[in-house]
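All values derive from a computational prediction rather than experimental measurement. Letters go in sequence order (proteins before strands), and every chain restarts at 1.
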6 protein chains.
Amino acid sequence: MTQKLRIGKIATLLAMLEEQERASYSSLLQDVQCCEGKVGSMDMQKVISAVETAVKRSGLIQDGIYRETHALYHAILEGLEGITRGQWAIGEMMRTVGLRFAVVRGEPYVDSGEGEWIAVAFYGTIGAPIKGLEHETVGLGVNHI
Amino acid sequence: MTQKLRIGKIATLLAMLEEQERASYSSLLQDVQCCEGKVGSMDMQKVISAVETAVKRSGLIQDGIYRETHALYHAILEGLEGITRGQWAIGEMMRTVGLRFAVVRGEPYVDSGEGEWIAVAFYGTIGAPIKGLEHETVGLGVNHI
Amino acid sequence: MTQKLRIGKIATLLAMLEEQERASYSSLLQDVQCCEGKVGSMDMQKVISAVETAVKRSGLIQDGIYRETHALYHAILEGLEGITRGQWAIGEMMRTVGLRFAVVRGEPYVDSGEGEWIAVAFYGTIGAPIKGLEHETVGLGVNHI
Amino acid sequence: MTQKLRIGKIATLLAMLEEQERASYSSLLQDVQCCEGKVGSMDMQKVISAVETAVKRSGLIQDGIYRETHALYHAILEGLEGITRGQWAIGEMMRTVGLRFAVVRGEPYVDSGEGEWIAVAFYGTIGAPIKGLEHETVGLGVNHI
Amino acid sequence: MTQKLRIGKIATLLAMLEEQERASYSSLLQDVQCCEGKVGSMDMQKVISAVETAVKRSGLIQDGIYRETHALYHAILEGLEGITRGQWAIGEMMRTVGLRFAVVRGEPYVDSGEGEWIAVAFYGTIGAPIKGLEHETVGLGVNHI
Amino acid sequence: MTQKLRIGKIATLLAMLEEQERASYSSLLQDVQCCEGKVGSMDMQKVISAVETAVKRSGLIQDGIYRETHALYHAILEGLEGITRGQWAIGEMMRTVGLRFAVVRGEPYVDSGEGEWIAVAFYGTIGAPIKGLEHETVGLGVNHI
């Protein structure tokens, strides 16, 4: 890989690792901007909203600019494809998700002309709306910003 | 999470981490069976085949039994949904993948009645068939076996 | 076909045939467990729920075990793909379904190592939410359990 | 159901029942035109072609008229959605189908203004390209013609 | 193209052009029936309804006949595929549409045996539910009627 | 619409209108960069390639920069969703396309912070691989660049 910075890997590790497991990866975070959050819902709209709100609150993207919102939005959707695997629905399909997410913004490529990219990762569980009847799920979306 | 063992997280870490990065996670591997591999292709069939061959060669599933092949197959497909995000195609869409994969088999739930499950994780790049014109991608599929 | 028992065919016939038409097929039912039901809705969640409730009430799967719920759930979803043909939605698309369903559990393969499988079949109508503006639809999902 | 003739049910029974099982349904066939065939392939194009060829050879649709070809084509595609359940691919996904199909043309509705409709049903197996590693699959498409 | 009348092009131009831009295309409209409308919503059901209502009110299709409703419905859905590009959802995905639509009915082919066809075109914007955070979108569906 | 420049509409008109029909729209082209081309194929890869080649040859995007290739690629894919309406396939589904395409790059928004965007439009026919058995199809993709 000709990438100097793996923003997708960083985002996935942040979404997946507990605080105490991250010790060995702290160096990875020094060249990127990132934000994290949690969301549990049967409603896709709430999942998208939770990420957008966390990102805007942290100043990771410029709020009034559609261009950046558009880049983030498509990265979120692509991340959710991995979570839902084939059917764009949670509650309508009688399933619920409990997710941690991380959004990372940085310059992954050596060539500075490639500019900034954004990675959105999710990790958590998906399953029936009954505690414990669930399994793990992961998703990652990457876009130029 | 009421899972005692996160086979999806283990599989994703194995697919994503380099040898030297895994030190802190070696304890995770003691209660599961796993196998790993690599595949680069513009042909989905070759990606599926590479995983199936690696799994059968390692004895992770019983070769002659359709039941186990069926469980693995659907876990692979779900993992590839995260990789391809929305369109079931690689070469037909003028894109190519370079992936590392890991397959983990174990008993994730406390209740022994839940039996064994299988997790298939992919990590790597997807992009134009030109070196460097690519970004990261992740996928995870989980199934009962 | 090397199957000794066609649980998919049995489930489809049960969903499709009226009581009086089944006479010649009664012998098919002696080696399987099955349950049947009806559901009419513009809401996918209600269709999934109706099948899950009927199956659990009849004791066809073990209620507390996620493994069996997971197998049933994916068989239901695959059956509904045939019903909706391409778009995962009913009411959102201004259409409604009136369905009969049948769930069959048994050992379809000669080799006893293949164990039990489950088939979920639907038959009925799909169409505009106006009586008569509808046509027939069929769906079948099969999974190992 | 306000349909006088269930062309979808007739097509599905024809695709699913062996010659000797059909005795009780022969009366259903007197008011419709139908044709049947078989196809085994890893190539979706061959499956579509096999149905189109059988239909044209039997005179069930008018060969030179795009209108009828278009109606048949979409009914075939909808039937194949039930067969493939979610991913439009066979060989690319390392799977193969062995299918029987039946196409039925008739007037399903009481109101003669509704005219003729066409139903395309498939029944058979889908699975790994290894004899026996397969399970049943059903699909039905219905269109106005 | 062997079509004497391009109903898809006419519908798309009607949906896309302002009144004053249409001068040069008025001759195109003399051999077809058409109707137009507008709809803004986060709810797919309302978009479909708006088109169906406009079409029925204008007498473009026969209201009581399922055959014509079925042809229109599938043309609307195909048009909305272009609008939504890959995910069948608007509000669930935190996005909203503002669309103009045009429906054209006519005989596009030289051969009179091809009969009447219907084209449904949409043009407008899709984006976040915030004024201005949106981009253009187009969709066209064509069906025999 | 708060857009000062409708690059999607311009691209669609360019793809759809014959030379002689464009007279009244020439003023639209003065503030954008654009390129056009044609492609007929049963192979999606060739359609994507034809657009990429035309765009690179015309200098509309910077060839060596992945960022711009990535933006163009996703705009092409979104445009092809409208063309294929629901199934990502042409030849595999026994259909062929004959398309004209236009790519427009410009600044659609009043706020200069929104920067440049790209629109890819297709117009032509899709149908059976037999001359004349085809109907019109349209697709538009828009992305920030």
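At a heavy-atom separation below 4.5 angstrom, chain C is approached by no residue within residues 27-47 of chain D. Near-neighbour residues of residues 50-82 of chain D relative to chain C, defined by a heavy atom under 4.5 Å from a heavy atom of that chain, comprise Glu78(D), Glu81(D), Gly82(D).
With a threshold of 4.5 angstrom between heavy atoms, Trp117(D) approaches chain C through side-chain atoms but not through N, CA, C or O.
Taking all atoms of both residues into account, the shortest heavy-atom contact from Thr12(D) to Val138(C) is OG1-CG2, 4.0 Å. Here the shortest heavy-atom pairing between Glu136(C) and Ile7(D) reads OE1-N, 3.1 Å.
Using a cut-off of 4.0 Å between Lys/Arg side-chain N and Asp/Glu carboxylate O, Arg6(C) and Glu18(D) are scored as salt-bridged.
Rounding to the nearest 0.5 Å gives a distance of 9.0 Å between CE of Met16(D) and CG of Leu140(C). Note that CD of Glu114(D) and CG of Leu133(C) are 7.5 Å apart. Values are rounded to the nearest 0.5 Å.
Between chain C and the residues Ile83(D), Thr137(D), Leu17(D), the most heavy-atom pairs under 4.5 angstrom are made by Leu17(D).
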